[in-house]
Amino acid sequence: MFNPHPLTVNIDITLLRLKRALAVIFFLNIFMLFGTWVHKSGLLKHSNNGLRRMVAQFNLGTENVIAAWYSSMLLLLVAVAAFFCFLYDKGGNSKLTYRIINWGWIPVVLIFLLLSFDEMGSFHEMIGESAGFKKMLIVKDGGGGWYAFFILIGLVALFMITFFVVKFKGKIPSLILSILGVLLLVSNPFQEKYEMYTWHSAPDPDTWKRPVFYLLLEEGSEIFATFCFLSSFVLYPVKSIINTRNQTSEERYQLELIVPKRLLLDPSSLIVIAGMVMLIVKINTWEFESDSGIPQNWFPSAMSFIVSILGFYYFLNSGNKYHANDAITLLIAFLSIIISIFFGANLYVYTGGLVGKIPVVLLSVSLLAGIFSFTKWKSKSGRFFVGAWLVSIFISLNANGFSSPVFGYIASSCLLLALVLHYQQMASKLNRNY
């Protein structure tokens, strides 16, 4: 079904635009922290419930809200950037040592994928109490699970610092940003542990209230650690090219990344594997006894976010921004962002008010995008998956409980396959013309 040849990713951008994009993310971080402070400061205690619920969506200290989705997808974006760094380095130095060190990017990708998943599933808050971690270390105070967890964090931090020092040798901005990111990220679980200590040590734990400063420090450390990693990873290949070619920040350049054939799997196989993991997670989350995050929401949210990235990539790298195909792709990209938020913020459980009207809007826009795709796209396989997407998203937006994210994941997966097949056929025709 899919072209077996190595995949080439061409990114056409300027350093100035990249810095502007990072600036937008920086101010979004500030906005989320401001929303956290407003919601927790008590300024809205006399406001109506609707306003408080709306502001709560931007509280980084609350689960299943837009802020939690934002933090999770930012971590997923870091994983994507790390994978791009891996592809960039694959085409660099041919020395054996360099090639071996370059494979260190893969654990980095996996680490940030797990962090993105954890941000929505909230496993780290209870993982020290899980049976698996408790068995790792047996100590007198019964906290062996948490000791094992902190040791694991220390080992991961040591690996990352060592890898970044070796990899970013001579790339000072990326090195400083990545090391700062590690330190901020590692401080997060220790801050949480300290808060638990102050809670239990309070004269009356039942009336203890978490200071807003603690919350802002913890969430700020986490979200700006992510920002540091993202800045480090996206600036690394860009700065290397600019320094090599003596370009300025305003000049456009093309970054060609080739995915080796041995790393390519049929996208449908990856989708099935991730779907099986989703079911396993759903079956086994009871072991963590956590009633905060909803881990299964990550799968449809992450897949929709990936579809949006792919859609924006196809649009920005198309020759004619006003072509009908490009307009459809842009519509799909924006629609996928909204669907990602819809599942990531757990909005699908609400049936009343304005939020309860969101499924109708999503279905209407999906139908519009589907009709345009059927009329403009020529790939028969692509059309089939567009149809499967529309059926799945209809079921998802009208289902209850676990069925909604399951069909949401299937829908976004079908849309991903439709996009890949459509643009694969377009690329094939373009190559034949030349």
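Minimum heavy-atom separation, I332 to S373: CD1-OG, 4.2 Å. Nearest heavy atoms, F299 versus A274: CE2-O, 3.6 Å. Contact between A82 and W105 at its shortest, heavy atoms only, is O-CE3, 3.8 Å. Between C228 and L180, the shortest heavy-atom contact is SG-CD2, 3.8 Å.
The salt bridge (Lys or Arg N to Asp or Glu O under 4.0 Å) contacts involving residues 157-167 comprise D89-K167, where partners must be two or more places apart or lie in separate chains. For residues 326-345, every residue pair satisfying the ring-ring contact (aromatic ring centres under 6.0 Å, His included) rule, not counting sequence neighbours, is listed here: F312-F334, F343-Y348. Every pair passing side chain to side chain donor-acceptor pair (under 3.5 Å) that includes a residue from residues 332-342 is listed here, sequence neighbours excluded: W69-S340, S301-S340. Residue pairs that meet the side chain to side chain donor-acceptor pair (under 3.5 Å) test with at least one member in residues 350-361, sequence neighbours left out, do not exist here.
You'll find the side chain of L177 stays beyond 4.5 Å of the side chain of F229, heavy atoms only. Side-chain contact check for V406 versus P300: every heavy-atom pair is 4.5 Å or farther apart. Side chains of F27 and L22 form no contact here, defined as non-hydrogen atoms less than 4.5 Å apart. In this structure the side chain of V80 never reaches within 4.5 angstrom of the side chain of V109, judged on heavy atoms. Counting heavy atoms from C-beta on, the side chains of W298 and S116 come closer than 4.5 Å. Counting heavy atoms from C-beta outward, F372 and W377 have side chains that stay 4.5 Å or more apart. Residues V156 and I153 form no side-chain contact, since every pair of their non-hydrogen atoms from C-beta on lies 4.5 Å or further apart. Side-chain contact between L330 and Y314 is absent, with no heavy-atom pair separated by less than 4.5 Å.
If you run side-chain contact (heavy atoms from CB on, under 4.5 Å) between V307 and each of V420, L417, L415, only L415 comes through.
Partners of F26 according to the side chain to side chain contact (heavy atoms under 4.5 Å, CB included) rule, which considers only residues two or more places apart in sequence or in another chain, are I30, F224, F227. Annotation: side-chain hydrogen bond (donor to acceptor under 3.5 Å, both in side chains) contacts of S308 (sequence neighbours excluded): none. Among residues two or more places apart in sequence or in another chain, the side-chain hydrogen bond (donor to acceptor under 3.5 Å, both in side chains) test is passed with S403 by none. Remark: N59 pairs with H39, T62 by the side-chain hydrogen bond (donor to acceptor under 3.5 Å, both in side chains) rule, at least two apart or across chains. T226 meets the side chain to side chain contact (heavy atoms under 4.5 Å, CB included) test with L74, L75, V78; sequence neighbours excluded. Remark: Y70 engages N29 in a side-chain hydrogen bond (donor to acceptor under 3.5 Å, both in side chains) (not counting sequence neighbours).
Taken to the nearest 0.5 Å, the CD atom of Q296 stands 8.5 Å off from the CZ atom of F117. Distance check, rounded to the nearest 0.5 Å: NZ of K169 to OG of S174 gives 16.0 Å. L347 contributes atom CG, which lies 5.0 Å from atom CD1 of I358 (distance to the nearest 0.5 angstrom). Between the CD1 atom in I111 and the CG atom in L185 there is a gap of 9.5 Å [rounded to 0.5 Å]. Atom CD1 of I179 is separated from atom CE of M160 by 9.0 Å, given to the nearest 0.5 angstrom. The line from CG of N188 to CG of L183 is 13.0 Å long, rounded to the nearest 0.5 Å.
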- Item | From CA spacing to verdict: side chain to side chain contact (heavy atoms under 4.5 Å, CB included), E119, L115 | CA-CA 6 Å; E119 187 67 17; L115 288 173; over 6 Å; no
- Any chance you could lay out the side chain to side chain contact (heavy atoms under 4.5 Å, CB included) test for V38 and F34, step after step, and finish with the verdict? CA-CA 6 Å; V38 170; F34 177 73; 3.6 Å; yes
- Task: Evaluate the side chain to side chain contact (heavy atoms under 4.5 Å, CB included) criterion for residues M120 and I294: first the C-alpha distance (whole Å), next the side-chain angles of each, then the deciding distance (0.1 Å), finally the verdict.
- Result: CA-CA 6 Å; M120 203 168 286; I294 304 176; over 6 Å; no
- Walk me through it: do L77 and M73 pass the test side chain to side chain contact (heavy atoms under 4.5 Å, CB included)? CA-CA 6 Å; L77 199 58; M73 293 305 104; over 6 Å; no
Which donor-acceptor pairs under 3.5 Å do side chains of residues 360-368 form with protein atoms, sequence neighbours excluded?
{"unit_1": "S364", "atom_1": "OG", "unit_2": "V360", "atom_2": "O", "d": "2.8"}
{"unit_1": "S366", "atom_1": "OG", "unit_2": "L362", "atom_2": "O", "d": "2.7"}

Show me the side-chain donor-acceptor pairs of residues 389-397 shorter than 3.5 Å, one per line, residues at least two apart or across chains.
{"unit_1": "S392", "atom_1": "OG", "unit_2": "A388", "atom_2": "O", "d": "2.8"}
{"unit_1": "S396", "atom_1": "OG", "unit_2": "S404", "atom_2": "O", "d": "2.7"}
{"unit_1": "S396", "atom_1": "OG", "unit_2": "G408", "atom_2": "N", "d": "3.3"}

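Although no hydrogens or angles enter the test, the distance criterion places a donor-acceptor pair under 3.5 Å between the side chain of S178 and the main chain of L175. In this structure a side-chain-to-backbone donor-acceptor pair under 3.5 Å is present from Y409 to I271. One N or O on the side chain of S187 and one on the backbone of L184 form a donor-acceptor pair closer than 3.5 Å. A donor-acceptor contact shorter than 3.5 Å is absent between the side chain of N64 and the backbone of A345. A donor-acceptor contact shorter than 3.5 Å links the side chain of T36 to the backbone of L60. Without hydrogens or angle criteria, S304 side chain to I339 main chain gives no donor-acceptor distance under 3.5 Å. With hydrogens and angles disregarded, a donor-acceptor distance shorter than 3.5 Å links the side chain of Q57 to the backbone of I66.
Crowding of F402 atom CZ: a count of heavy atoms from other residues, nucleotides or ligands under 6.0 Å exceeding 12. At most 12 heavy atoms of other shown residues, nucleotides or ligands fall within 6.0 angstrom of atom CG in L354.
Ring-plane geometry between F168 and F233 is classed as tilted, the angle between the planes lying from 30 to 60 degrees on a 0 to 90 degree scale.
Side-chain rings of F86 and W103 approach one another, their centers coming within less than 6.0 Å. Note: W37 and F58 fail the aromatic proximity criterion, with ring centroids not under 6.0 Å apart.
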